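Inspection log for the structure reproduced underneath, given as structure tokens.
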Amino acid sequence: MTSKNAPFRWMLSLAASLGVATSAGAQEPEPQTESETTTTTTTTKTTQQELSEAMRPEGPMGLEFAVSGNVGFGLGYVYTNGQAPSGGLEDLKITDSAKVSFPIIAELGFRVTPRFYLGVWGSWEPVLTKTNDLSCPEGFDCSTYQWRIGPEVRYHIRPGASFDPWIGLGVGLEILKSHVEGDTQVQAAPGVFVPAHVDTHVTDRGPTIARLSLGGDVRVTRALSVGPVITASVGQYTVRTGTQTVDITGLGSRDQGLTPVDDGFHALFTLGLRFAVLPM
């Protein structure tokens with residue numbers, strides 16, 4: 001005998017089965033279209049690129065070499081309290097002994113970060129001399145050269161930009177070499193003067209107490225920059241050495257030492273164009 005509730009139970013079973021099937025279908029993820037997949041991949045790549053750029057240094061780093069051609073001049077003294085031709089004491093000013101110099105400055109160092117540079121600098125500069133009674137008498141052949149060298153630290157303000165201004169500070173050693181040669185008259189006896197040939201070699205040296213440099217790098221290529229540079233330094237010649245040979249006609253030659261002098265405190269300035277190479 002069939003129960004009268006059988007159809008009702010059959011309908012409940014069918015409804016339950018359909019409900020489970022519908023729920024399972026709703027939980028399955030819908031497949032992504034090709035456009036959605038491309039968008040997701042592009043977004044991932046963009047995020048990785050942005051992260052890589054954020055972690056990249058903001059400017060160049062590594063070994064750096066630079067060279068500049070400059071025009072220079074000085075203020076102050078080569079020495080003080082030196083013996084004058086009149087027999088008294090007199091100071092030798094840089095402006096009285098030199099017109100202008102032409103320094104060639106080289107730099108070699110390392111950009112430890114895009115902003116900070118540590119290295120050494122050196123310069124060689126021929127000096128155009130002036131005629132004067134103390135260091136280059138009338139009719140004498142005079143030549144003067146200077147070498148300077150020392151360490152330097154530099155700070156770059158905009159290392160990642162096309163124009164990067166910077167400031168540097170250094171110290172050093174400076175060596176000034178002079179050669180003076182010519183014919184003159186020397187006193188052989190009271191009231192008696194005879195011709196003589198004088199040949200003098202002098203070296204003045206001392207510390208560069210402080211050297212301030214200002215410049216700017218204009219990026220030409222990834223590895224080459226060019227720009228203006230100016231320097232201002234203060235120093236002091238503290239040691240003077242050399243020889244003087246006097247060849248007196250009819251009496252032969254003799255060597256004599258230089259007369260003592262006191263230190264010469266001075267300031268030196270340069271203005272030039274600088275080329276920097278920083279391999280990438």
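Because the structure is a prediction, the values reported are computed rather than measured. FYI, the numbering just counts along the sequence from 1. The analysis underlying the following values was restricted to heavy atoms, covering all of them including side chains, and did not include hydrogens, waters or symmetry mates.
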Show the numbers, then the answer: is there a side-chain hydrogen bond (donor to acceptor under 3.5 Å, both in side chains) between E181 and H197?
CA-CA 8 Å; E181 185 177 9; H197 184 81; 2.9 Å; yes
Is it true that atom CG of D133 has more than 12 heavy atoms of other residues, nucleotides or ligands lying nearer than 6.0 Å?
no
Specify the closest pair of heavy atoms between L92 and S135, including all atoms of both residues, with the distance to one decimal.
CD2-CB, 3.8 Å
What's the verdict on side-chain contact (heavy atoms from CB on, under 4.5 Å) for V246 and I248, showing C-alpha distance, side-chain angles and the deciding distance?
CA-CA 6 Å; V246 181; I248 303 175; 3.8 Å; yes
Does K177 use its side chain to pair, donor to acceptor, with the backbone of Q146 at less than 3.5 Å?
no
Would you give me the side-chain donor-acceptor pairs under 3.5 Å for residues 258-270, sequence neighbours excluded?
unit_1: D262; atom_1: OD2; unit_2: N81; atom_2: ND2; d: 2.6
unit_1: H266; atom_1: ND1; unit_2: Y77; atom_2: O; d: 3.4
unit_1: H266; atom_1: ND1; unit_2: G264; atom_2: O; d: 3.0
unit_1: H266; atom_1: NE2; unit_2: E174; atom_2: OE2; d: 2.4
unit_1: T270; atom_1: OG1; unit_2: T231; atom_2: OG1; d: 2.4

Close side-chain approach of S233 and L212, heavy atoms under 4.5 Å:
no
For the student: nearest non-hydrogen atoms of L278 and P60, plus distance
CD2-CB, 3.0 Å
Minimum heavy-atom separation for G109 and L63, please, with both atom names.
O-CD1, 3.3 Å
Under a 4.0 Å N-O cut-off, is there an ion pair linking R274 with D217?
yes
Is the backbone N or O of P103 less than 3.5 Å from a side-chain atom of S101, with the two atoms forming a donor-acceptor pair by type?
no
State the CD1-CG distance between I149 and L173, to the nearest 0.5 angstrom.
8.5 Å
Could you pull out the closest heavy-atom pair between T129 and C136, with the gap in Å?
OG1-SG, 4.4 Å
Taking the six-membered ring for Trp and the full ring for Phe, Tyr or His, determine whether the centres of F110 and Y117 are under 6.0 Å apart.
no
Does CD in E138 sit with more than 12 non-hydrogen atoms of other residues, nucleotides or ligands closer than 6.0 Å?
no
So do the side chains of M61 and V112 get within less than 4.5 Å of each other, counting heavy atoms only?
no
L108, CG: over 12 other non-hydrogen atoms inside 6.0 angstrom
yes
With rounding to the nearest 0.5 angstrom, report the CH2 to OG distance, W166 to S225.
11.5 Å
Measuring from atom CH2 of W124 to atom CD1 of I175, what distance do you get when rounded to the nearest 0.5 angstrom?
15.0 Å
Should T200 and V202 count as side-chain neighbours, where that means a heavy-atom distance under 4.5 Å?
yes
Provide the closest heavy-atom pair for S97 versus V78 in the form atom of the first, atom of the second, distance.
OG-CG2, 3.9 Å
Answer yes if the side chains of H156 and R154 hold a donor-acceptor pair under 3.5 Å, and no otherwise.
yes
Spatial distance of atom CZ (R254) from atom CD (Q244) [nearest 0.5 Å]:
9.5 Å
Which pair of heavy atoms, one from T131 and one from P137, lies closest together, and at what distance?
CG2-C, 4.0 Å
With a 4.0 Å cut-off, would you call R240 and D204 a salt bridge?
yes
Taking V277 as the starting point, is it possible to reach V67 by hopping between hydrophobic residues whose side chains are less than 4.5 Å apart?
no
Would the number of heavy atoms belonging to other residues, nucleotides or ligands and lying under 6.0 Å from OH of Y145 be above 12?
no
Pairs in or reaching into residues 109-129: which pass salt bridge (Lys or Arg N to Asp or Glu O under 4.0 Å), with residues at least two apart or in two chains?
E58-R115, E64-R111, E125-R148
Can a donor-acceptor pair be found, under 3.5 Å and without considering hydrogens, that links the side chain of N70 to the backbone of G72?
no
List the steps and the verdict of ring pair (Phe, Tyr, Trp, His ring centres under 6.0 Å) for Y79 and Y237.
CA-CA 7 Å; Y79 62 77; Y237 298 127; 9.7 Å; no
Do F140 and V198 touch side chain to side chain, with heavy atoms closer than 4.5 Å?
yes
Side-chain heavy atoms nearer than 4.5 Å, only ILVMFWY residues, links allowed to pass through others: does that put V239 and W147 together?
no
Side-chain donor/acceptor of D199 to backbone N/O of T245, under 3.5 Å
no
Does L128 reach the side chain of T144, with side-chain heavy atoms less than 4.5 Å apart?
no
Mind checking whether I157 and I230 sit in one hydrophobic cluster, side chains of I, L, V, M, F, W, Y counted as touching below 4.5 Å?
yes
Between V100 and V71, is there a side-chain heavy-atom distance shorter than 4.5 Å?
yes
Do E152 and S213 have side chains that approach each other closer than 4.5 Å (heavy atoms only, starting at C-beta)?
yes
Any chain of hydrophobic side-chain contacts (each under 4.5 Å) joining V127 to I94?
no
Point-to-point distance, once rounded to the nearest 0.5 Å, from NZ of K130 to CG of N132
9.0 Å
What do the steps show when you test E90 against L134 for side-chain contact (heavy atoms from CB on, under 4.5 Å), and what is the final call?
CA-CA 9 Å; E90 192 170 351; L134 292 178; 3.9 Å; yes
ILVMFWY cluster, L176 and I209 together (side-chain gap under 4.5 Å)
no
